[in-house]
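Working notes, structure below.
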Amino acid sequence: MVARDIALAELTGGRLHVAHLSSAGSVSMVRQAKDRGIRVTAEVCPHHVWLTDEWALGGKGDANATGAMAYDTTTKVYPPLRSHEDVAACLAGLVDGTIDCVATDHAPHERASKECTYNDAAFGISVLETALGTLMAPVHRGSIDFDHHDRAADGGARTGAGRRICTVCFPVAGNARRPGDLRPAGALDGGCERVCVHGPQHPAGRRGTARARRRDDGGGPDRIRGGNPVEPRSTCMTRPVHLALEDGSVFTGESFGAQRDGWGEVVFNTTMTGYQEVLTDPSYAGQMVAFTYPLVGNYGINRRDFESRRIQVSGLIVRQHCDLPSHASSDMTLDAFLWEYNIPGISGIDTRALTRRLRTRGVMTGLITADEPDNALRRLAEIPRYDDLDLVSTVTTPGVYSWDNGEHEGYPTTPPPAGVRRILVTDAGVKYNILRLLQSRGCEVITVPAYTPAEDMLAMQPNGVLLSPGPGDPVLLGDIVSNLGKLIGQVPIMGICLGHQLAARALGAETYKLKFGHRGGNHPVKDLISEQVHITAQNHGYAVSADNLPAGLEVSHINLNDYTVEGLRHRDLPLFTIQYHSEASPGPRDNEYLFDRFLAMVDDAKPAGRVV
């Protein structure tokens, strides 16, 4: 079966995980598959790295007690106990990285399931603590250890001395006379303390794998890991934490993700799906997002739905997060994703009450911490306010790069082919789907830093410029606004979200902060040009004032919930802007037509030094 599954993985290029390796032959097959570059991982159960069938036949360490344990129900496991050679092969596989972790899906058995005939007995070793005790035997003997984690950059390579171990830790204190019932992050019946389970999705168990060790410097959107290396957890998966708000309210829940404090402006998002796109949207920099939908993380995290190189939010607030995602493309859990990027989360709070408070009193600064509530509230006074931070400088690209299907970012080295529209995208917090949609429409897409001088952009001879979304108050971005004043009228321009606000300010309009903003995927917007209403994806806390618009600038879209300005166009200049997200990600995708409108404007305009 192992050989068959490896052959299928090699044929399809898929990812394979082999559970419960127990024989020398299967270990050898996995080792050879990894050497051939097949994407395969494997685990071994604790009893298969120490117990043998000879031990069962000979009794508990007594070689003269032949047959004493042969039909003892406590030794009935699946796969069955095997030989000394098989145990040695499993240990060797752990040491050289062929086997990625020690794991168990062990469920405590009732006594009745073992105190019966051998044929009727359940598979598995009784008493939850036995798994840890069995695993500790080769640890004490020096065959494996918990302290060393493989540092290989390539998950398929083995470093020889590395031991990649995914630990399953159980309490040994308390009443061990009966198995008891295990509850997630809870206690065993009989008085045991918390249970700490590091599963195969946990970063501690994935050290050295390709997913955990992908670098963030120079990669495209499929790069999972970013930031500084994160050490494995040394505490339980959850702990009581608080969300303290500047109005004096405190919500208590359980931590997940990184076990550290996090702060930022607390906002809410009403989308039911698309949490990965929200987390990686640079417009959320400096903010902690609360999802109104109660269950988050149920389809995991994949390598496709990134909207930037990393998580951008400073904290995540949910009613419940899912530890067992179900999706063919899932690479890790939401918990592990937050841990990878050192982002704290809090779950188990009443997100409905939180949302009502934010709607009533407005967005406010918050702190996620395990500190006492009184101390947390005092610390809030020392935290910088979101409105005072230039967050664009923290998310903009450091250099110019061309978009090439998201496979890489690098300086363009060859001139674009004749007849291709060259579109510059100013990166104040660009989402990858903007670049994808422009490229899918036959454009050469070049992204430039937000502070690139207008003269430098015009020297690149663009056919059009798109002003990207981004975080923060546009009032703080006077340099960018002044620079846009030199660009407007020289080349066709489309602005999205923050780009819409910056263009409006460059033309003389005013902006203001909304009470709680628009964040979600269900906002109705009326296009005053077509008279059609579209459901839109939105993420903004500021808006353009419709009062005293400068000459030539007129409202093109309005929000049907609160009648705020959702789009502008200029009667005389090739320029239009929208407040919402035409690129969606997450959806709905109703508004991609605006990219076609932009490119039609580009085609109608005189090219800036290039022939279309």
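Small disclaimer: the values here were computed from a predicted structure and weren't measured. The figures that follow rest on heavy atoms only: side chains count, while hydrogens, waters and symmetry mates do not.
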Where do Thr369 and Asp261 land on the side chain to side chain donor-acceptor pair (under 3.5 Å) test, with the steps shown first?
CA-CA 5 Å; Thr369 181; Asp261 292 352; 3.0 Å; yes

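- To the nearest 0.5 angstrom, Ile317 atom CD1 is 12.0 Å from Asn269 atom CG.
- Although no hydrogens or angles enter the test, the distance criterion places no donor-acceptor pair under 3.5 Å between the side chain of Asn342 and the main chain of Ala258.
- Pairing each heavy atom of Gly521 with each of Thr270, the nearest pair is N-OG1, 4.3 Å.
- Ser468 places a side-chain N or O within donor-acceptor distance of the main-chain N or O of Thr426, the cut-off being under 3.5 Å.
- Using a 30° and 60° split on the angle between ring planes, His321 and Phe256 fall in the parallel class, below 30°.
- In this structure, the side chains of Glu265 and Thr365 stay at 4.5 Å or more apart for every pair of heavy atoms.
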Dump the intermediate steps for side chain to side chain contact (heavy atoms under 4.5 Å, CB included) on Ile578 and Val525, then the final yes or no.
CA-CA 10 Å; Ile578 54 169; Val525 168; over 6 Å; no

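- Side chain of Thr396 to main chain of Ala428: no donor-acceptor pair is present (N/O by atom type, distance under 3.5 Å, no hydrogens or angles).
- Taking every heavy atom of both residues into account, Leu391 and Pro471 meet most closely at CB-CG, 3.6 Å.
- Within the 3.5 Å criterion, the main-chain N or O of Tyr284 finds no donor-acceptor partner in the side chain of Asp281.
- Put simply, the side chain of Pro294 does not reach to within 4.5 Å of the side chain of Thr351, judged on heavy atoms.
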Give the intermediate values and the outcome of side chain to side chain contact (heavy atoms under 4.5 Å, CB included) for residues Asp590 and Thr536.
CA-CA 7 Å; Asp590 301 32; Thr536 66; over 6 Å; no

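- When all heavy atoms are compared, the tightest approach of Pro588 to Ile535 is CG-O, 3.1 Å.
- Contact annotation: the side chain of Leu316 approaches that of Leu334 to within less than 4.5 Å [non-hydrogen atoms, C-beta and beyond].
- Using a cutoff of 4.0 Å between basic side-chain nitrogens and carboxylate oxygens, Arg436 and Glu307 are scored as salt-bridged.
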Mind running side chain to side chain donor-acceptor pair (under 3.5 Å) on Ser329 and Asn302 for me, showing each step along the way?
CA-CA 6 Å; Ser329 300; Asn302 62 60; 5.5 Å; no

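- Put simply, the side chain of Ser545 gets close to the backbone of Asp547: a donor and an acceptor are under 3.5 Å apart.
- Not a single donor-acceptor pair under 3.5 Å links the side chain of Glu583 to the backbone N or O of Leu437.
- Note that CD1 of Ile343 and CZ of Arg310 are 8.0 Å apart. Values are rounded to the nearest 0.5 Å.
- When every heavy atom of Leu528 is checked against every heavy atom of Val555, the shortest pair comes out as CD1-O, 3.7 Å.
- Side-chain rings of Tyr593 and His534 approach one another, their centers coming within less than 6.0 Å.
- Atom CD of Glu592 and atom OG of Ser440 lie 7.5 Å apart (nearest 0.5 Å).
- The two residues Gly429 and Val395 come nearest to each other via the heavy atoms CA-CG2, 3.8 Å.
- Closest non-hydrogen pair, Phe251 versus Ile346, comes out as O-CD1, 4.0 Å.
- In terms of modelled atom types and a separation under 3.5 Å, the side chain of Gln259 and the main chain of Gly257 share a donor-acceptor contact.
- Considering Leu245, Val250, Asp247, Leu367 as possible partners of Leu377, the one that fulfils the side-chain contact (heavy atoms from CB on, under 4.5 Å) test is Val250.
- A salt bridge is absent between Asp562 and Lys515; no separation between the charged side-chain nitrogens and carboxylate oxygens falls under 4.0 Å.
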Give the C-alpha distance, both sets of side-chain angles, the deciding distance and a yes or no for side chain to side chain contact (heavy atoms under 4.5 Å, CB included) between Gln538 and Asn559.
CA-CA 11 Å; Gln538 303 208 5; Asn559 189 303; 3.7 Å; yes

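- To the nearest 0.5 Å, atoms OG1 (Thr447) and CG (Leu435) are separated by 4.5 Å.
- When Tyr299, Phe291, Tyr293 are each tested for a ring pair (Phe, Tyr, Trp, His ring centres under 6.0 Å) with Tyr275, only one passes: Tyr299.
- In this structure, Lys431 contributes its side chain and Ala584 its backbone to a donor-acceptor pair below 3.5 Å.
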With side chain to side chain donor-acceptor pair (under 3.5 Å) as the criterion, how do Asp527 and Gln532 come out once you've worked through the C-alpha distance, each side chain's angles and the decisive distance to 0.1 Å?
CA-CA 5 Å; Asp527 185 333; Gln532 292 182 323; over 6 Å; no

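- Between the side chain of Gln439 and the main chain of Trp403, a donor-acceptor pair closer than 3.5 Å is present.
- Listed by first and then second residue, the side chain to side chain donor-acceptor pair (under 3.5 Å) pairs involving residues 496-509 are His500-Thr577, Gln501-Gln579, Arg505-Thr511 (not counting sequence neighbours).
- For the pair Thr564 and His518, the minimum side-chain heavy-atom distance is below 4.5 Å.
- In this structure a side-chain-to-backbone donor-acceptor pair under 3.5 Å is missing from Thr252 to His242.
- Rounded to the nearest 0.5 Å, atoms CG (Leu484) and CD1 (Ile493) are 6.5 Å apart.
- Ion pairing between a basic and an acidic side chain is recognised when a charged N comes within 4.0 Å of a carboxylate O; Arg239 and Glu254 show no such pairing.
- Separation of the Phe337 and Phe306 ring centroids falls under the 6.0 Å cut-off.
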